[in-house]
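One-based numbering along the sequence shown. Atoms within each ligand, like the ligands themselves, are counted from 1 in listed order.
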Amino acid sequence: MTRIFSGVKPTGHLTLGNYLGAVRRWVEVEQHRAEALFSVVDLHALTVEHDPARVRRLSRQAATLLLAAGLDPRRCTLFVQSHVDEHARLSYLLECTAYDGELRRMIQYKEKGTLARAAGQSVRVSLLTYPVLMAADILAYGTDEVPVGEDQAQHVELTRDLAVRFNQRYGHTFTVPKVTRPAVAARVRDLQDPTSKMGKSHENGAGIVYLLDEPDVVRRKVLRAVTDSGREVAYDRDAQPGVANLLDVLAACTGGDPEVLAGGYASYGALKKDTAEAVVELLRPLRERHAELVADPGYVEGVLREGAERARAMARPVVDRAYRAIGLLPAA
Ligand code: TRP
């Protein structure tokens, strides 16, 4: 069976963009068709300035929300990355396989490094080596497919390069994974800046709907979404990005088609109102399930404990093989 791996970084609250762009597909498609591993990749949250208590809280919350969204521990393996030592063990071997030049070329490193420096902050070494840890996440499980967005494709390419290089030098050890660009329900944009992905502009949350936002907060954010200077409701991503974004969200929530939906609206106001209600209804069961799970922390802990055990059992033999292949003396 095809094995797939994907991860969520607990650096912020999960958004409607995360849900419609990735998580919903994990729930509805991936966990049924493949042997799927989903990880809250907490080690990746330490590459930039972080608050320890916040990372811990967001990690638990992300795992709880993934369950609330419908990941089923009988159908997939859900775990927290730092619970499985194999990631860090393998990451070091891959650091000994990667070259500094190829890491310095990573777009995300360049962008985030530039931002940090501009803010007068130091750049952590782990920001540079982060794609190597991501490669370890993927390669430790013999992953065949990695469903990720555009922004992560370069990291998966690097993962492939490292797997091929390691295999050539030290003998066949790793499955060489493929990126799959999943057909997503919607690439949801920021409601205040519809040219950028929701969740990418972090200054203030006005344009971001979080999965745990109260219904009234969701309504307010959607009703205040920026629209365009025209007056007609048409689905035109270039000329009317704000309206197109609302239509995409509405379509994703109701299962409709954005162009067809556009024809049903004479005003921006009516479109916003319906979109707001559609989002509230989409999130309602998720919020309810989340509240139930929060009331039963033992259940979530149990799922994560079992998930980590299963993940460990899969990763351990692969990483042990890599240790031997690269020349490390087995412990007696
Ligand atoms: N780097 C990914 C992100 O920022 C998260 C991630 C970490 C990941 N390890 C992974 C995604 C392995 C897919 C596979 O979104």
Polar contact flag for Q108 and ligand 1 (N/O pairs, less than 3.5 Å):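 The answer is no, given that Q108 and ligand 1 share no N or O pair closer than 3.5 Å.
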N or O contact, D137 vs ligand 1, cut-off under 3.5 Å: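 So ligand 1 has an N or O lying under 3.5 Å from an N or O of D137.
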Neighbour count >12 (heavy atoms, 6.0 Å) for atom OH, Y323: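 Buried by this count: over 12 neighbours within 6.0 Å.
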E259 atom CD, over 12 foreign heavy atoms within 6.0 Å: no
Heavy-atom nearest option to atom 6 (C) of ligand 1, drawn from L133, V148, V41: V41
Shortest reach to atom 12 (C) of ligand 1 by a heavy atom, considering only F5, F38, Y130, Y141: F5
Part of V146 with heavy atoms under 4.0 Å of ligand 1, whether side chain, backbone, both or neither: side chain
Part of Q152 within contact of ligand 1 (heavy atoms, under 4.0 Å):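 Looking at Q152 and ligand 1, just side chain atoms fall under 4.0 Å.
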Whether Y130 and H44 hold their rings parallel, tilted or perpendicular, with breakpoints at 30° and 60°: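 Correct class here is perpendicular.
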Plane angle bin for F5 and F79 - parallel if under 30°, tilted between 30 and 60°, otherwise perpendicular: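 The rings of F79 and F5 stand perpendicular, inter-plane angle above 60°.
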Any R187 side-chain heavy atom under 4.5 Å of D248 side chain: no
Residue K9 vicinity, atoms of ligand 1 by number, heavy atom under 4.0 Å: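 With K9 as reference, the close atoms of ligand 1 come out as 4 (O).
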Distance filter under 4.0 Å to H44 heavy atoms, resulting ligand 1 atoms: 7 (C), 9 (N)
Between T2 and D144, a side-chain donor and acceptor under 3.5 Å: no
Lys/Arg-Asp/Glu bridge criterion (N-O < 4.0 Å) met for D320, R316: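 Counted as a salt bridge, because a side-chain N and a carboxylate O are separated by less than 4.0 Å.
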Residue, atom name and distance, where the atom is the protein heavy atom closest to atom 11 (C) of ligand 1: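 Looking at atom 11 (C) of ligand 1, the protein heavy atom closest to it is G7 N, 3.5 Å.
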